[in-house]
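FYI, the numbering just counts along the sequence from 1. As the structure lists them, so they are numbered: ligands from 1, and atoms in each ligand from 1.
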Amino acid sequence: MQVLDKEFELYITHEEILNKVKALAEELNKDYNGKCPIMVCILNGAFIFAADLVREVNFPVEIGFMKYSSYVGLDTVGTVDKVADLAQDVKGRDIIVVEDIIDTGYTMERILCDFKEKGAASVKVACLLQKPKKLITNIKVDYCALDIKNEFIVGYGLDYNGHGRNLKDIYILSPDDND
Ligand code: 5GP
Ligand code: MG
């Protein structure tokens, strides 16, 4: 699969992703029974994951959106910018941060820090993917659908320079293109 100048290989099928998303939703259904959290989708990458996840939970829920940016091309640039803030007041609310992928953890560390200042009652992290070997921050990932290798991936919302988000499956950078 060609995305811009790079070659990618099929890594996780859409069917497998949906099964893992359902399993994650089951965990949330147990933990949020009787509650009404705000599920905060971190744009852009988490929009497809969030859309599938919110339709699998069976508790009342509000949806919110925030936008952070840190990646250019294949690498995180280290600095994390908040590009758009949440519209809802989170004071006293239970928050589930819905993120596509945790790599170094810098983005999530910044997001959690922002929520601390806003006075939320609780803040939990639900991510689709995690690259556990690359985590260099001290953040707690409460729910994670899948652990993956330390390679660059695209599809199911995740992009390579703005492209590939609409792919149904998840693709991994071909070894030949990994330079
Ligand atoms: P971190 O701040 O944890 O290093 O990086 C998190 C952000 O970088 C994620 O929200 C995601 O947008 C982006 N990211 C990390 N790894 C990948 C990857 O393999 N592929 C893509 N497309 N984005 C990634
Ligand atoms: Mg992201």
Shortest heavy-atom approach to atom 16 (N) of ligand 1 - which of Lys131, Glu99, Arg110: Lys131
Minimal non-hydrogen separation, Gly45 against Asp100, with atom names: CA-OD2, 3.1 Å
Plane angle bin for Phe152 and Tyr160 - parallel if under 30°, tilted between 30 and 60°, otherwise perpendicular: perpendicular
Neighbour count >12 (heavy atoms, 6.0 Å) for atom NZ, Lys82: yes
Reported CG-to-CD distance for the pair Asn58 and Glu26, which is rounded to 0.5 angstrom: 7.0 Å
Residue list, ring-ring contact (aromatic ring centres under 6.0 Å, His included) with Phe65, at least two apart or on another chain: none
Residue Glu151 vicinity, atoms of ligand 1 by number, heavy atom under 4.0 Å: 19 (O)
Option nearest atom 4 (O) of ligand 1 (shortest heavy-atom distance, choices Ile170, Ile102, Thr104, Ile139): Thr104
Best match, Gly155, Gly164, Gly105: closest heavy atom to atom 3 (O) of ligand 1: Gly105
Any Met108 heavy atom less than 4.0 Å to ligand 1: no
Ligand 1 contact by Asp100, heavy-atom criterion under 4.0 angstrom: yes
Between Asp81 and Ser69, a side-chain donor and acceptor under 3.5 Å: no
Heteroatom proximity flag, Asp159 to ligand 1, N/O under 3.5 Å: yes
Flag, side chain of Asp159 to backbone of Gly164, donor-acceptor distance under 3.5 Å: no
Atoms in ligand 1 with a heavy atom of Tyr106 nearer than 4.0 Å: 2 (O), 3 (O)
Proximity to ligand 1 by part of Val80, non-hydrogen separation under 4.0 Å: neither
Atom indices of ligand 1, in the order listed, that fall short of 4.0 Å to a heavy atom of Thr107: 1 (P), 2 (O), 5 (O), 6 (C), 7 (C)
